Amino acid sequence: MQEIHQQINHWYQRNARDLPWRRPGVSGWAVMVSEFMLQQTPVVRVLPVWEQWMHRWPRPQDLAAEPLSEALKAWGRLGYPRRAMRLHAAAIEITTQYNGEVPETEQQLRALPGVGEYTAAAIACFAYGQRTVVVDTNIRRVHARLFGGMALPEPNPRASEFARAKQVQPEEHSSANLWNISVMELGALICTARSPKCDACPVYEHCAWIKAGQPAPHYAPKGQAWKGTDRQVRGAMMAILRAHEEPVLRETFLTDLALQGHGDYIALHKLDAPLEQRERALAGLLSDGLALAEEAGIRLPS
DNA sequence: GAGCCGTGGGG
DNA sequence: TCCCCAAGGCT
């Protein structure tokens with residue numbers, strides 16, 4: 001196991017990407033912002049938004065002083081705008097409860113909105129050098145192959161994966177700390193979900209999946225419906241709202257939505273009917289989707 | 001615990 | 001073209 005530790009950690013030191021949130025001296029806030037943006041969004045799309053975000057709001061209190069609408073608009077097209085809402089709310093908590101300093105313990109981090117098991121462990125490790133057990137989708141996949149002999153991990157994380165992740169960590173503190181980011185990077189660059197670059201893998205000789213003859217995945221991906229769903233229309237709604245500095249008039253909103261090809265949806269759900277006449281399902285859609293804008297002060301006139 | 005929450009690029 | 005996938009979190 002020590003040989004695997006050394007090979008992967010050494011590989012990282014020679015092949016890691018030069019990402020701005022990894023540079024020496026970056027703040028806990030800088031790391032935290034990157035972790036929020038990287039939740040289900042690829043690095044290349046996060047990079048420019050992160051740069052602008054950190055330039056505009058270099059400290060939690062800078063973001064906390066702004067209305068939510070500014071955070072949502074600055075979030076742009078990263079997707080899952082709820083993350084921007086949670087980051088804004090977290091910035092307020094950090095400002096009021098922690099005097100503007102991103103907390104360092106996993107327990108404190110875990111209590112912040114938008115911070116789950118992974119993000120708490122990642123911030124504590126990457127920003128504060130703590131020895132934590134980081135388990136993300138990359139690490140899960142590397143472990144599943146290297147130690148489990150499987151093509152892919154289970155669709156949903158299991159408790160046994162956290163136990164194994166802790167088990168396979170190096171003993172020594174700094175090595176364990178480096179191990180987290182090294183395995184993650186290996187999964188992102190070499191041990192990828194599709195077409196892994198096994199010929200460039202530093203631990204090819206140790207890989208249980210290779211030894212097993214690279215068996216195929218034992219399950220088929222589910223896939224999420226998109227076309228024709230409320231979710232698709234909600235995305236269109238947010239795009240319209242982001243594009244306006246001021247609250248959007250109902251007529252403008254409906255016209256823009258129709259121009260984006262959702263005229264049938266407007267008719268089907270009576271979006272152009274008075275608020276009181278809307279069906280309960282529509283009210284649910286609006287409260288779910290437009291809550292983002294409502295709370296931000298960019299709203300439809302009632 | 002399964003399903004939902006946006007968006008765009010690569011295979 | 002279509003569909004999988006991306007440093008998850010929340011209910």
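Lettering of chains follows the sequences in order, A, B, ..., and the numbering in each one begins at 1. Owing to the predicted nature of the structure, the values given are computational and were not obtained by experimental measurement.
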**Asked** Is the closest side-chain donor-acceptor distance between A:Thr105 and A:Gln108 under 3.5 Å?
**Response** yes
**Asked** Is there a salt bridge (Lys or Arg N to Asp or Glu O under 4.0 Å) between A:Arg158 and A:Glu154 once you walk through the steps?
**Response** CA-CA 8 Å; A:Arg158 309 291 178 86; A:Glu154 299 297 326; 3.4 Å; yes
**side-chain N/O A:Arg140 vs C:dA6 OP1/OP2, d < 4.0 Å** = no
**Side chain A:Thr41 and base B:dG8 donor-acceptor under 3.5 Å** = no
**Item:** Neighbours of DNA chain B within residues 157-168 of chain A, by heavy-atom distance under 4.0 Å
**Value:** none
**Item:** Lys/Arg N to Asp/Glu carboxylate O, A:Arg59 vs A:Glu101, below 4.0 Å
**Value:** no
**Request:** For A:Arg77 and C:dA6, give me the distance from atom CZ to atom P, rounded to whole Å.
**Result:** 22 Å
**Request:** Identify which nucleotide among B:dC5, C:dA7, C:dG8 has an atom closest to any side-chain atom of A:Thr119, counting heavy atoms from C-beta outward.
**Result:** C:dG8
**Message:** Measuring to OP1 and OP2 of B:dG1, would you say a side-chain N or O of A:Asn156 lies under 4.0 angstrom away?
**Reply:** no
**Item:** Given DNA chain B, 5'-ward residue of the pair A:Gly79 and A:Ser195, judged by closest heavy atom
**Value:** A:Gly79
**Interatomic distance at P, B:dC4 relative to C:dA7, whole Å** = 23 Å
**Complete:** Atom CE of A:Met85 and atom P of B:dG6 are separated, to the nearest Å, by 10 Å
**Request:** Would you indicate what A:Thr192 reaches in the nucleic acid, counting non-hydrogen atoms under 4.0 angstrom: base, sugar-phosphate, or nothing?
**Result:** nothing
**Message:** Parallel, tilted or perpendicular, judged at 30° and 60°: which one describes the rings of A:His5 and A:Trp179?
**Reply:** perpendicular
**Short side-chain donor-acceptor distance under 3.5 Å, A:Thr41 and A:Arg83** = yes
**Asked** Picking from A:Ser175, A:Ser182, A:Ser174, what satisfies side-chain hydrogen bond (donor to acceptor under 3.5 Å, both in side chains) with A:Asn9?
**Response** A:Ser182
**Prompt:** Between C:dG8 atom C1' and A:Ile139 atom CD1, what is the distance in whole Å?
**Reply:** 13 Å
**Prompt:** Would one find a side-chain N or O of A:Gln40 under 4.0 angstrom from OP1 or OP2 of C:dG8?
**Reply:** yes
**Asked** Do the ring centers of A:Trp29 and A:Trp57 come within less than 6.0 Å of each other?
**Response** no
**Request:** Would you tell me if any nitrogen or oxygen in the side chain of A:Arg45 comes within less than 4.0 Å of OP1 or OP2 on B:dG9?
**Result:** no
**Prompt:** Salt bridge or not for A:Glu70 and A:Arg56, using N-O below 4.0 Å?
**Reply:** yes
**Request:** Please indicate whether A:His55 has more than 12 foreign heavy atoms, meaning atoms of other residues, nucleotides or ligands, lying under 6.0 Å from its NE2.
**Result:** no
**Asked** Just to confirm, is there a sub-4.0 Å distance from OP1 or OP2 of B:dG6 to any side-chain nitrogen or oxygen of A:Arg82?
**Response** yes
**Separation of atom CG in A:Leu112 from atom P in C:dC10, rounded to whole Å** = 10 Å
**P atoms of B:dC5 and C:dC2, separation to the nearest Å** = 22 Å
**Straight-line distance of A:Glu117 CD to A:Arg110 CZ, nearest 0.5 Å** = 5.0 Å
**Prompt:** What is the distance from NZ of A:Lys197 to C1' of B:dG11, rounded to the nearest Å?
**Reply:** 11 Å
**Asked** Whole Å only: how far is the CD atom of A:Glu35 from the C1' atom of C:dA6?
**Response** 13 Å
**Item:** Side chains of A:Gln39 and A:Tyr118, donor plus acceptor under 3.5 Å
**Value:** no
**Request:** Look at the side chain of A:Tyr118 and decide which nucleotide, out of C:dG9, C:dA6, B:dG6, has an atom nearest to it.
**Result:** C:dG9
**Message:** Measuring only the P atom in each nucleotide, how far is C:dT1 from B:dG6? A whole number of Å is fine.
**Reply:** 26 Å
**Prompt:** When we call it a touch if two heavy atoms are under 4.0 Å apart, what does A:Gln232 touch: a base, just sugar-phosphate, or nothing?
**Reply:** nothing
**Message:** Rounded to whole Å, please give me the gap between CG in A:Leu47 and C1' in C:dA7.
**Reply:** 12 Å
What does the list of N/O pairs under 3.5 Å between the protein and nucleotides 1-5 of chain C look like, with a distance for each?
| from | atom 1 | to | atom 2 | distance (Å) |
| --- | --- | --- | --- | --- |
| C:dC4 | O2 | A:Arg194 | NH2 | 3.1 |

**Prompt:** When the distance from CZ of A:Arg86 to C1' of C:dG8 is rounded to whole Å, what number comes out?
**Reply:** 9 Å
**Asked** Counting any heavy atom closer than 4.0 Å, what does A:Trp75 reach on the DNA or RNA strands: base, sugar-phosphate only, or nothing?
**Response** nothing
